[in-house]
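Just so you know, ligand 1 is whichever comes first in the structure, and atom 1 is the first atom listed for that ligand.
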Amino acid sequence: MISELLKQKETMSFEMYPPKKEDEFEKAFEVAKKLGDLKPDYISVTYGAGGSKSKKTVEITSFIQNELHIEALAHLTCVGNSKKDIDEIVESFKAEGINQVLALRGDRPRDMSDEQFNSRELIHASDLITYLKSTTDFSCAGACYPEKHFECFSKETDVANLKLKQDAGAEYFISQLFLDNDYYYDFLDRAARKGITVPICAGIMPVISANQLGTTVSLSGSSIPKAFSDLIAKYGDNADDMRKAGIDYAARQIIDLRQNGVKHIHLYCMNRPKMTAEILEAIK
Ligand code: FAD
């Protein structure tokens, strides 16, 4: 179980996403295999917003767990799912022997009306965790946000809400990406003061193209430190140099985290095994 591993040792885990289209499964299996060759402690598989997407998460998570024999964590969101939908997804997990989930609320889908959003059965991730804990024997993890979740008005309240997830049964947390380790250290202090005692995995995303700043990074709500904007200014126009600089930046973040006692790193691999291998090499 991942929750046990986290208690026993330092870990390095990866996140991948399932294929967007039906005919891209072979490629996703290949990505999972190559990531598996790098011997992560576990691989987590994201979940698309909306119920019908769960099949792809189930297939990839099952492949990692049952074919590659690597610990696998399936993400699961509740924003677009009723309790009945969750029951059905749970059954599809159970059919594959999957019993470890990252329980999330999820972002509101663009096509969801105010009425649908306001009348959802499971409101917060903590409600999903409570529900899963009362209906299954699944191990549940939750998400956390070093610079706070974008909807929350204060860091203190966000960490208090995080405690609700721990109280509901979250056994560990995985963090949103951050580009400035000082935010993470500050978050760890605040979390400890609020009584967060479960392990926390630091989410690191290598930013290897300037485009990522306008998409993934800005959506994450993470701030961009000067050291990073300098790097974009210097290398952003040259794809190869930017890739190298992004890998180097992520590696330096990980080395600094390890030196400061952070035991668990979760790499947002973006389905790029070669880049992931280069980061592992750089932190040796
Ligand atoms: P919650 O924990 O419910 O928090 C959402 C907001 O509500 C926060 O502002 C929080 O402070 C507040 N809140 C929480 N509980 C309470 C409460 N009881 N009372 C009042 N306010 C409360 N999205 C996907 O669609 N698929 C994925 O696979 C996916 N994987 C992710 C993995 C990680 C590691 C992270 C960090 C995020 C991931 N996301 C994913 C994005 C995530 O779904 C969004 O950030 C979403 O907006 C919040 O989800 P949550 O589970 O953190 O929500």
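Contact annotation: for Ser126 versus ligand 1, heavy atoms closer than 4.0 Å belong to the side chain alone. Here His75 has side-chain heavy atoms under 4.0 Å from ligand 1, and that is the only part of it that gets that close. No part of Val79 comes within 4.0 Å of ligand 1, judged by heavy-atom distances. Here Lys148 has no heavy atoms under 4.0 Å from ligand 1, in either its backbone or its side chain. Contact annotation for Asp107 and ligand 1: heavy atoms of both the backbone and the side chain come within less than 4.0 Å of the ligand. In Thr46, the parts holding a heavy atom less than 4.0 Å from any atom of ligand 1 are both the side chain and the backbone.
Checked by distance only, ligand 1 and Ile174 stay at 3.5 Å or farther apart across all their nitrogen or oxygen atoms. Residue Ser175 has no nitrogen or oxygen atom sitting less than 3.5 Å from a nitrogen or oxygen atom of ligand 1, judged on distance alone. For ligand 1, one of its N or O atoms has an N or O atom of Tyr145 under 3.5 Å away. Checked against a 3.5 angstrom limit, the closest N/O atoms of Gly106 and ligand 1 fall inside it. Note: an N/O pair closer than 3.5 Å links Arg105 and ligand 1 by distance alone. Not one N or O of Thr77 is nearer than 3.5 Å to an N or O of ligand 1, by distance alone. Residue contacts with ligand 1: Gln176 is placed with no nitrogen or oxygen under 3.5 Å of a nitrogen or oxygen of the ligand (distance criterion only).
Set against the non-hydrogen atoms of Leu164, the atoms of ligand 1 under 4.0 Å away are 17 (C), 18 (N). Remark: ligand 1 atoms within the under-4.0 Å shell around heavy atoms of Cys152 are 9 (O), 11 (O). Numbered from 1 in the order shown, with element, the atoms of ligand 1 that lie under 4.0 Å from a heavy atom of Leu102 read 32 (C). Numbered from 1 in the order shown, with element, the atoms of ligand 1 that lie under 4.0 Å from a heavy atom of Ala125 read 1 (P), 2 (O), 3 (O), 51 (O).
Remark: side-chain polar atoms of Arg272 are not paired, donor with acceptor, to backbone N or O of Val31 under 3.5 angstrom. Without hydrogens or angle criteria, Arg108 side chain to Met112 main chain gives a donor-acceptor distance under 3.5 Å. The main-chain N or O of Ser126 is never found under 3.5 Å from a side-chain atom of His124 such that the two would form a donor-acceptor pair. Put simply, the side chain of Thr11 never gets that close to the backbone of Ser13: no donor and acceptor are under 3.5 Å apart.
Checked by atom type, the side-chain pair Ser175/His266 shows no donor-acceptor distance below 3.5 Å. Using a 3.5 Å distance cut-off with no hydrogens or angles, the side chains of Ser54 and Thr57 do not pair a donor with an acceptor. Side-chain atoms of Asp85 and Ser82 include a donor-acceptor pair closer than 3.5 Å.
Heavy atoms of Gly203 stay at 4.0 angstrom or farther from ligand 1. Within the structure, the closest approach of Tyr268 to ligand 1 falls below 4.0 Å when heavy atoms are considered. Not close to ligand 1: Tyr17, with no non-hydrogen atom less than 4.0 angstrom away.
Looking only at side-chain heavy atoms (C-beta outward), Thr135 and Val90 stay at 4.5 Å or farther from each other.
The minimum heavy-atom distance linking Glu121 with Lys83 is given by the pair OE1-N, 2.9 Å. Ser44 approaches His75 most closely through the heavy-atom pair OG-NE2, 2.8 Å.
Aromatic pair Tyr172/His264: ring centres not closer than 6.0 Å. In this structure, the ring of Phe178 has its center less than 6.0 angstrom from the ring center of Tyr184.
Taking only non-hydrogen atoms, the option from Leu76, Asp158, Leu122 nearest to atom 10 (C) of ligand 1 is Asp158. If you check each of Arg108, Lys155, His149 against atom 48 (C) of ligand 1, the one with the closest non-hydrogen atom is His149.
With rounding to the nearest 0.5 angstrom, the CG atom of Leu122 is 11.0 Å from the CD1 atom of Ile129.
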